[in-house]
Structure formats: structure tokens, C-alpha cells
Amino acid sequence: MPHGTDAAFERVIFWFRRDLRLSDNRGLAEATRQSRQVIPLFVFDTNILDDLDNTQDRRVTFIHESIRELQRMLQETGSDIVVLHGDPEDAVPHLADRVNADAVFTNRDYEPYAAARDAQVQRALADDGRAFVDFKDQVIFEKDEILTQSGEPYKVFSPYKRAWLQRFEENTEYGRSPAAEEVPDYAQLAPRRTLRGLSDAWDMDALGFVPTDLWLVPGESAARERLAGFLPRMAEYKTDRDFPSREGTSGLSVHLRFGTISIRAAVRAAMEDDSKGAQTWLSELIWREFYQMLLDRFPRVVSHSFKPEYDAIRWPGTDDHFQAWCEGRTGYPIVDAAMRHFNATGWMHNRLRMITAMFLTKDLLVDWRLGEAYFAGHLLDYDLASNNGGWQWSASTGADGAPYFRIFNPILQSKRFDPDGSYIREHVPELAGFEGDTLHWPHDADMFTQRDAGCVLGEDYPHPVVDHFEQKEKAIALFKAVEK
DNA sequence: AAATTTTTGAA
DNA sequence: TCAAAAATT
């Protein structure tokens, strides 16, 4: 379609949220197709930022850097981005009024807060006679697109996945952008001079945050490079992904979270590779959609067990044990290594997320919501749907979660997935002198061995805070007590 | 996306 | 007698 000549709108704001990229961005592509002029916008949302209790939040740095890159790319085309700092419910309609936009285009966000915010923005815009148009971009399939025969949402992953794959293969268009464009039509983007003076101050200082170090490079071009770097490793994903000391995972979770890469690009990459590893990775991407669908369809999971009968459980874990877990001093080396690495970087390997979550809920008997909140506060790739889904999986309260009797033995997990102990040695250096299986469970070592390893238990490294075999029985009893 | 105990079945 | 399969939690 020729641009501009038959555009439906004169001037449209495109509002970036968790889609911080120019390429393969459905809402942005539609905005440039349907409007003579497009004004790019990002809002640093004070409703979210004011709730962060750490001025060194890594996510703010990631977003800030990614917006900077967007701005550089837009400026190279002669355009720019408007950046606001405030409450979107006021800021977006206000900007629309200021530039006299006909509409605000954006990509849908399925989190309860975002959905409520967008409904409010839509109402405010409508009062002024402006449209709010949103698009599917964050997922391949939304909640109503994959349903059982009886029209119900799936509550078990495998049949959901089967239906997802079938639907995808029926129409390969799902993997593509609706408009064939992979990048926006730059001719439609508002010229830089038009956008001058519209932004708030948005350097980190003005936002009230301090830049942090990150373990990965923010932005769209870095995301593309990371995917490219993963392609040759994808075939080995199935075998390597469970070992925290190997580079076996894609490392794309942060980019998928902030949309510096599109889910379609990821799915296309998996579909174009016929290895077992690619299928396994695709399966993980489908888990992501499964959890997004569940959150959209059952928002009560934010604060309640997906399985209502397990809401009756009163988790008896103590605050002391929770603190020991948070700080990586439980006396379980693999758990402590994972938590210390996490605290230092804001990232945790998926295998370790399962081990630490299982340990908090089934060994320390602490309510999964506390663990979920701790991860929510520190994960650079934090996503409500995936984090909640993962925690409810580990706690056995979720849709298709681990059965309550399937409790990880943290020592066996450690031996299996960190066989040479290199992960533990790196992140719990005081244990590095222990050899073989003793590293995974040092507490049976005699004093000679401890001195030899340079680590006296109870002094240099804590005694275990609980006994796994005792706690596991208590965990099973908690579930049995409330079973129907 | 488990761990552990019990039973089975072939040597 | 032991490893694999099945049952149990």
C-alpha cells in the first residue's frame, strides 16, 4: 500500500512500552501505514518507578539505554522520540492534546496494571474525540486464540502446546508482521524539529535513579546480535540448557521482556532450525505464552493459588529462614551460589530458579508469594506472568505445576547439574577448597578435611538451616492436610 | 520440569 | 542377584 496518500489518520502517537525496538514492531508498522505522521513516545511511568525501592534498579538502566538507542536510530532518520516522566493516564492524553493527534497506537500489554491503565487512557482520549488503537505484538497467540474443543482455556501445558503448534502451522502468517515491513516507513516519522520541546527531562538523575552495570548490552541491535550468537548453539540447547556453568541458554529473556527483540523473530529462528534443541527452545517460548494467557485469563493468580484448594495452606516458614535464603546463607551450596549470583547480577539460570524456588517453598516452607516478590524486585528479566507461573509451578499451586510430591533434592540437583562444582566454586568461594561430592554437601566433612579445604563449617560457611528429608515430609503433609 | 521404594524379570 | 520398570509419595 502506498504510504500517506490514503492514510486513515493525519497524526498518530506511537506509544512504546515493552516493545523497545523499531524493527518487526506491529503497532509501529501499523502507525506508519495508517497515518501521515507518527510521533514516537515513551513514558517513564511514575506509578511503576516510584514503587522501586532501589535507586540502582538495573531495569531502569536497561530501559534508559534502550530508549537512548531508539532515540539515536530515530535521530539518524531525521526524527526523534518524545520521552515523558509522569503518570501515563495524564501524560498521554495531554501530549495527544498538545500535538493534536488523532489517535494513540500501541502494542497490547496483558498485565492487570497495564490493562487497567490502558483502559483509562483510552477513556480519556475518547473524551477528547481521539482513538486508542492497540495491537497484538507481545505474543503469537492471545488468550482467546488457543482454546479447547469446548471453548475453555487450556490449564495443562502439553495439550496447549499441541494446539498452539497446530494453529501456528495452519497459518504461517502468525510468524510474520501483518504489514510486510520489518522496519517502519521512516518517511512517516515526525521530523525532529516538530518534536523539539515536548519531552520532559529524562536523564537518569532526573528520573531519580543511578546507572548500574549490566551483564548484557541493552537495546535492539544487541538483542539481534544475541539471537545471532545463539543460533549456532540452538541445536545443543536441549542438552546444555540445564547446566548453569555452561552457556547453554539463549540469554534472551531480558530482550523478550522489554521487546528489544520480537517474539516472532525468536519463534521464526526456532522454526527454521529442525534440531531437537530448537524444538525444546520453542517449547520454552510456548511456556511463556501459556503463562501470559493464564495471567490474562485468570488475573487472580497474582495473589492466589491457581488451584484454589491450596490457598488454604498456611506456610509455616520463618522470616529468619527467608532472610537466609535471600542472602545465600542456607548452608545448601547450590542454593547459596544461585542466590548470591542473583543478588550480584539480577539474573538467574532457569534450572537454579527451579531449585531455589523449590527449596524456599518445600524445604523452608515459606509462602511462594514472598519468593515471587523477591524475584520480582531483583530480576532484570522480571515478567509478572512468567515469574508468577514459575513460582506457582515450583510451589505446586499452579496450573500444571510440579505435583506436590515431586520435590527436588537440592544435593542431587547440584551433583547432576553442576557436576564439576565450578558454578558453586565461582559463587561460594569459601567452599572452593572442597573436592568431589563434598563440595555439594560439605557438612559431613571431618575437621581435617575442613582445615585442608580452608573452610571451617559454622564459621566460614553456615551449617544447613534445615534438614531436607525432614522438611520434605512436612511439605507433603501441608498439601495432604488441605486436599479435597 | 523427581526422588525413593517396591516389584518384576532376566541371568 | 541386580538392574529395570512400576508404584508411591
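Throughout, a chain's letter reflects where its sequence line sits, starting with A, and its residues are numbered from 1. The figures here come from the full heavy-atom set of this structure, side chains too, leaving out hydrogens, waters and symmetry mates.
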**OP:** Would you mind classifying the nucleic acid contact of A:F469 as base, sugar-phosphate or nothing, using non-hydrogen atoms under 4.0 angstrom?
**Re:** sugar-phosphate
**OP:** Step through it carefully: locate the ring centre of A:Y382, locate the ring centre of A:F375, and say whether they are under 6.0 Å apart.
**Re:** no
Original post:
B:dT4 P sits how many Å from A:K362 NZ, rounded?
Top reply: 15 Å
Subject >> Between B:dA2 (P) and A:I334 (CD1): distance, integer Å >> reply: 14 Å
Subject >> A:R162 to A:F157 six-membered ring, cation-pi geometry met (6.0 Å, 45°) >> reply: no
**OP:** Please report, rounded to the nearest Å, how far the P atom of B:dA3 is from the CD atom of A:Q471.
**Re:** 18 Å
**OP:** Starting from P on B:dT5, measure out to CD1 on A:I407 and report it in whole angstrom.
**Re:** 14 Å
Subject >> With A:D381, the side chain to side chain contact (heavy atoms under 4.5 Å, CB included) member among A:L216, A:L252, A:V254 >> reply: A:V254
Original post:
How would you label the contact of A:E473 with the nucleic acid (heavy atoms, under 4.0 Å): base, sugar-phosphate, or nothing?
Top reply: nothing
Original post:
Can you check the A:K415 NZ to B:dA2 P distance for me, whole Å?
Top reply: 17 Å
**OP:** Would you classify A:R353 as touching base, sugar-phosphate or nothing, given that sugar-phosphate means primed atoms plus P, OP1 and OP2, and contacts are heavy atoms under 4.0 Å?
**Re:** nothing
Subject >> Under 3.5 Å side-chain donor-acceptor pair for A:D134 and A:T106 >> reply: no
Original post:
Tell me: OH of A:Y404 to P of B:dA3, nearest whole Å?
Top reply: 18 Å
**OP:** Starting from P on B:dA3, measure out to CE on A:M354 and report it in whole angstrom.
**Re:** 11 Å
Subject >> Candidate nucleotides C:dT9, B:dT4, B:dA2, ranked by approach to the side chain of A:Q413 - the nearest >> reply: B:dA2
Original post:
Rounded to the Å, how far apart are A:I355 CD1 and B:dA3 P?
Top reply: 9 Å
